[in-house]
Amino acid sequence: MAEDKLTSRSENYSDWYNQVVLRADLADYAPVRGCMVVKPYGWALWENIQRELDLRFKETGHVNAAFPLLIPKSFFEKEKEHVEGFAPELAVVTIGGGEELEEPLIIRPTSETIIGYMYSKWIKSYRDLPVLINQWANVVRWEMRTRLFLRTLEFYWQEGHTAHATAEEAQEETLRMLDVYADFAINEAAVPVIKGRKSETEKFAGAINTYSIEAMMGDTKALQAGTSHYLGQNFAKAFDIKYLDRNNTLQYCWTTSWGLSTRFIGAIIMTHGDDQGLILPPRLAPYQIVIVPIYKNDQERSVVMEYIEKVQSQLKGFRYRLDDRSELTPGFKFNEWELKGVPLRLEIGPKDVEKHAIMAARRDIPGKAGKISLSIENLDLKIENLLNEIQQSLLEKATEFRDQNIHFADSYDELKQIVENGWAEAWWCGSAECEAKIKEETKATTRCMPMDEKIRGKGKCVYCGAEAEKRIYFSKAY
RNA sequence: CGGGGUGUAGCGCAGUUGGUAGCGCACCGCGUUUGGGACGCGGGGGUCCGCGGUUCAAGUCCGCGCACCCCGACCA
């Protein structure tokens, strides 16, 4: 319950973040280090994220399935880069039913291996392709440092795994799903993202190419908000995923995988939140509207509540909640629902009853400026418009903030300065050494090489001065 | 794994030279309140992180653990 002011974002951003998560009732710390409980309010947000993504997966021809949590250890040894990438963060089960296991079992950190194994059993012919399966699951990665939602030992996500007959198809799929993520982020979460390709260093262990959507948080740090991997034939060869083509020749499949996790909740918090707390985009908010009744005595109360009944009949199409707790003052409720990020608050008291109106308060515009009295005539339409406006305004504000904090770096000195508080876009020769040096000296990592067609040409590597054909973003990241 | 910090009521904290564990908020009851975080009165709630030691006596002193948070190295 919220009784004191939040730490402000400028005072201590990470403190602000933790307080928002806990006090907005999104999540709580679990008894195991690095683990969290997603509380009902946080889970409701996740369910809305799931709904929007799942809809898009289905529209693009995917189906859901569920693969097991436990994976034989040997599976992880079949793809060389995959082992090396994941070995340090695996949780291993060695005892079952009181007996030492013959082969230890890995708690999945991701499911390429076990799904690859199954695909090799299922896929025989080109007629079986493509296989387009997604699963909603939890995974475990033994991280050193954890943060609520952003990095926990266990997290929830979806992972899509597809197999195709040709490299082209698999590449198309990889980019199609990247587009799906970007569309979701921008149009549902109002989180502006940049699509791009990861550097060799930053790509997924076992992938040929990794693509990501990158979002800028309120402190200008970057957050990788979703990833899509083109796996080529790496996993097909490791797991023997083969099919007979039209010419009766045995071929390895081409596979992809792509994922978006509960980390995205962190992206929403840090993209839109302000010093009052969370601000949720209307399209994903568990409650789009909260009604706070106002009255001085029982007589007023019954008049107001009766009026609210009428108002509610116009709210059927929205996710709304009536806060009729009698033991709390309206002022307290205002603050609490602001902390929890509800996009629109309806204040309804005797004055409104008299005027046949309600007082609407926009979460994205603090204080009096965001309040507007609306007559209840066609209230549903007015509210729908308001919610749309809020959704759009959140996206605009976030986009503007991001664009203001991305700068082109002509020199390394400039880059160093830019990444102190923003993203630097720069020419990069493509060498891992330059990347590593920059990271070492500035703590900024490469985020992605933007897909944007406009950005073509040649320049000099911002670090070594060599001929460069790639532009890439550098920034500190979560 | 390095550096820093913190463990006392649900949360935030105080607890002096060692001497019967307290405050604020939250919670429960009653009443008055209610358009931007209400107030009064009454009440319930403790393995003082754990183990060992010193002492007549330990929340307090000593030793060893453990956990969590923050900052780094590593990562969705």
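Letters go in sequence order (proteins before strands), and every chain restarts at 1.
- Summarising the geometry, the separation between CD1 on I348(A) and P on U34(B) is reported as 19 Å, rounded to the nearest angstrom.
- Ring planes of W136(A) and W46(A): perpendicular class, angle over 60° (limits at 30 and 60°).
- The side chain of K368(A) contributes no N or O atom lying less than 4.0 Å from OP1 or OP2 of G36(B).
- With a cut-off of 3.5 Å on both pairing distances, the Watson-Crick or G-U wobble partner of C39(B) is G31(B).
- At whole-Å resolution of the value, CZ in R147(A) and C1' in C74(B) are 16 Å apart.
- Taking every side-chain heavy atom of Y295(A) into account, U34(B) is the closest of U34(B), G37(B), C74(B).
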Is there a side chain to side chain donor-acceptor pair (under 3.5 Å) between D364(A) and S393(A) once you walk through the steps?
CA-CA 8 Å; D364(A) 62 324; S393(A) 148; 3.2 Å; yes
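- Of the candidates G35(B), C69(B), A73(B), the closest approach to any side-chain atom of E347(A) belongs to G35(B).
- Between C71(B), G35(B), A38(B), one nucleotide has an atom nearer to the side chain of F332(A) than all others, and that is A38(B).
- Contact annotation: T329(A) side-chain N/O to U34(B) OP1/OP2 distance is not under 4.0 Å.
- H82(A) has its ring centre less than 6.0 Å from the ring centre of F76(A).
- Pair check for G72(B) finds C1(B); Watson-Crick or G-U wobble, both atom distances under 3.5 Å.
- Protein atom CD of E441(A) is 17 Å distant from nucleotide atom C1' of G72(B), rounded to whole Å.
- With the nearest nucleotide of RNA chain B identified for both K371(A) and P88(A), K371(A) has the one nearer the 5' end.
- Distances shown here put every side-chain N or O of T445(A) at or beyond 4.0 Å from the OP1 or OP2 atom of C74(B).
- The interatomic distance linking K296(A) (NZ) with G35(B) (C1') rounds to 7 Å, in whole Å.
- Distances shown here put a side-chain N or O of N18(A) below 4.0 Å from the OP1 or OP2 atom of C70(B).
- Note: CD (E336(A)) to P (U34(B)) measures 20 Å, nearest angstrom.
- In this structure, the CD atom of E143(A) is 13 Å from the C1' atom of A73(B), given to the nearest Å.
- Centroid-to-centroid, the aromatic rings of Y119(A) and F235(A) stay 6.0 Å apart or farther.
- Across all strands shown, G45(B) forms no Watson-Crick or G-U wobble pair with both key distances under 3.5 Å.
- When rounded to the nearest whole Å, the span between CG of N12(A) and C1' of C69(B) equals 12 Å.
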